[in-house]
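See structure below.
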Protein chains: 2
Amino acid sequence: MGRNTILNQKIKDERRGRILSVALGLFATKGLTATKITDIASALGISQGLVYHYFRSKEEIFVELIRYAFERMNEACRYLESLDLPPLEKIRMAITELLKGIEKNEDTPLYHLLIALATASDAIPAQAKDLIKNENMLSYDVITRIIIKGQKEGAIKKHDPKDMALVFWTTIKGLAIHKAAHGRKYKTPDPEILMDIFI
Amino acid sequence: MGRNTILNQKIKDERRGRILSVALGLFATKGLTATKITDIASALGISQGLVYHYFRSKEEIFVELIRYAFERMNEACRYLESLDLPPLEKIRMAITELLKGIEKNEDTPLYHLLIALATASDAIPAQAKDLIKNENMLSYDVITRIIIKGQKEGAIKKHDPKDMALVFWTTIKGLAIHKAAHGRKYKTPDPEILMDIFI
DNA sequence: GTCTATATCCAGATAGAC
DNA sequence: GTCTATCTGGATATAGAC
């Protein structure tokens, strides 16, 4: 493989990245079916046919986004669990970082929204369904384990830890959806409100 | 208008109701665009063309559902506010009833989901957008007012009441989405977990 | 009121020129 | 790599028979 091949691959990856980026915004706000290849192409100022030079189908773009969203999310969860911190501080850190991500980084709420919509939707590719089935649990499990540890140390309230993890994530996802829906008008709530669930 | 006309109208309304009912389930799980008129018709065992005898278009069905969802939701909110109860008990009642509705009644989470998806989506009819703009605020305002009253009486924690109302509703909607997504596997969390946000 | 048939349109995907 | 042109399928909505 000569250097031209490598260079071309790099350029191609970069273009793919740009397509993925606008597709994320469109899928998250319009949904998979309502998003037309034309929408993606015209948002990038390229022809509709060219998109198929980079992806085999609209579904492939969607699946790639779902895969990447879980990759980032699960990576962050594993990192959180590995930290040398008291459980309650881990919870506080997770809430703070997630809320910050929802507020600041434009992509974070979109990824949450994409996962939430995809999880709730029947109208998604089978591959995406599989990804959700396999990858969705880790984030719940990590938070559950942290809560159990905190409860053993007496630092976290003693409700059912699975219930608490469920409320944790549904609240975060609910906020992400709200932010994606209301954009500029969204004001991040005080993280301590969420902390009150745990202490 | 003779009695036949009235009777026929009644029958027609009943048929419309059945169409709306299955459309709710489909829109909530597949989205507006991914739901085909064929899906609705075949779920009812009627021909595709017959749907157009009862509704002018797919969008009309959608708008009617959104309108009805807000009607029910806002009605319930106004009722809650009118009750002669201490603010904290109103919050507790709201949480309990909403969680019960999510768990038991099959339609409740679907309506929440429909509103949540529609709120987040760009790909919905203009009429639905207007409805959301006009009707969506009431539920937030009612909860905010109840919280403020409770704070004055010293019965509710003194975070920013708007933040608290936002967390309240995003959590409920998040749970509704989760239930709609996971169906049978969904287990309602202990309402007291949510109460901890307020006391 | 209900069906079948069909006009019409739109979007996904491909082919081929440059 | 990028475009234009086109094939093809599928879905909305309508027309018209029963």
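Labels below follow one simple rule: chain letters A, B, ... track the order of the sequence lines, proteins then strands, and each chain is numbered from 1.
The hydrophobic clustering, which links ILVMFWY residues whose side-chain heavy atoms are closer than 4.5 Å, places A/V63 and A/L113 apart.
Remark: P of C/dG1 and CD of B/E14 are 12 Å apart, rounded to the nearest angstrom. Rounded to whole Å, the distance from NZ on A/K36 to P on C/dA13 is 11 Å. Rounded to a whole Å, the CG atom of A/L44 is 14 Å from the C1' atom of D/dT2. Distance, A/F55 CZ to C/dA11 P: 21 Å, rounded to whole Å. Regarding B/K58, its NZ atom lies at a distance of 5 Å from the P atom of D/dT12, rounded to whole Å. Straight-line distance from the CD1 atom of A/I19 to the P atom of C/dG12: 14 Å, rounded to whole Å. When the P atom of D/dT2 is taken as reference, atom NZ of A/K12 falls 10 Å away, rounded to whole Å. We find that CD of A/E60 is positioned 10 Å from P of C/dA13, with the value rounded to whole Å.
Within the structure, side-chain hydrogen bond (donor to acceptor under 3.5 Å, both in side chains) contacts touching residues 149-166 of chain B (residues at least two apart or in different chains) are A/K187-B/D163, A/D196-B/K157, A/D196-B/H159.
In this structure, B/R56 does not reach the D/dT14 phosphate: none of its side-chain N or O atoms is under 4.0 Å from OP1 or OP2.
Residue B/T33 is classed as having no contact, given no heavy-atom separation below 4.0 Å to the nucleic acid.
Counting only heavy atoms from C-beta outward, the side chains of B/I115 and B/Y111 never approach each other to under 4.5 Å.
Comparing B/I46 and A/Y52 against DNA chain C, the residue whose closest nucleotide sits nearer the 5' end is B/I46. Each of A/Q48 and A/H53 lies near DNA chain D, and the nucleotide nearest A/H53 is the one positioned closer to the 5' end.
Taking the side-chain contact (heavy atoms from CB on, under 4.5 Å) definition, one finds that A/A23 meets it with A/F27, A/I40, A/I61, A/L65, sequence neighbours left out.
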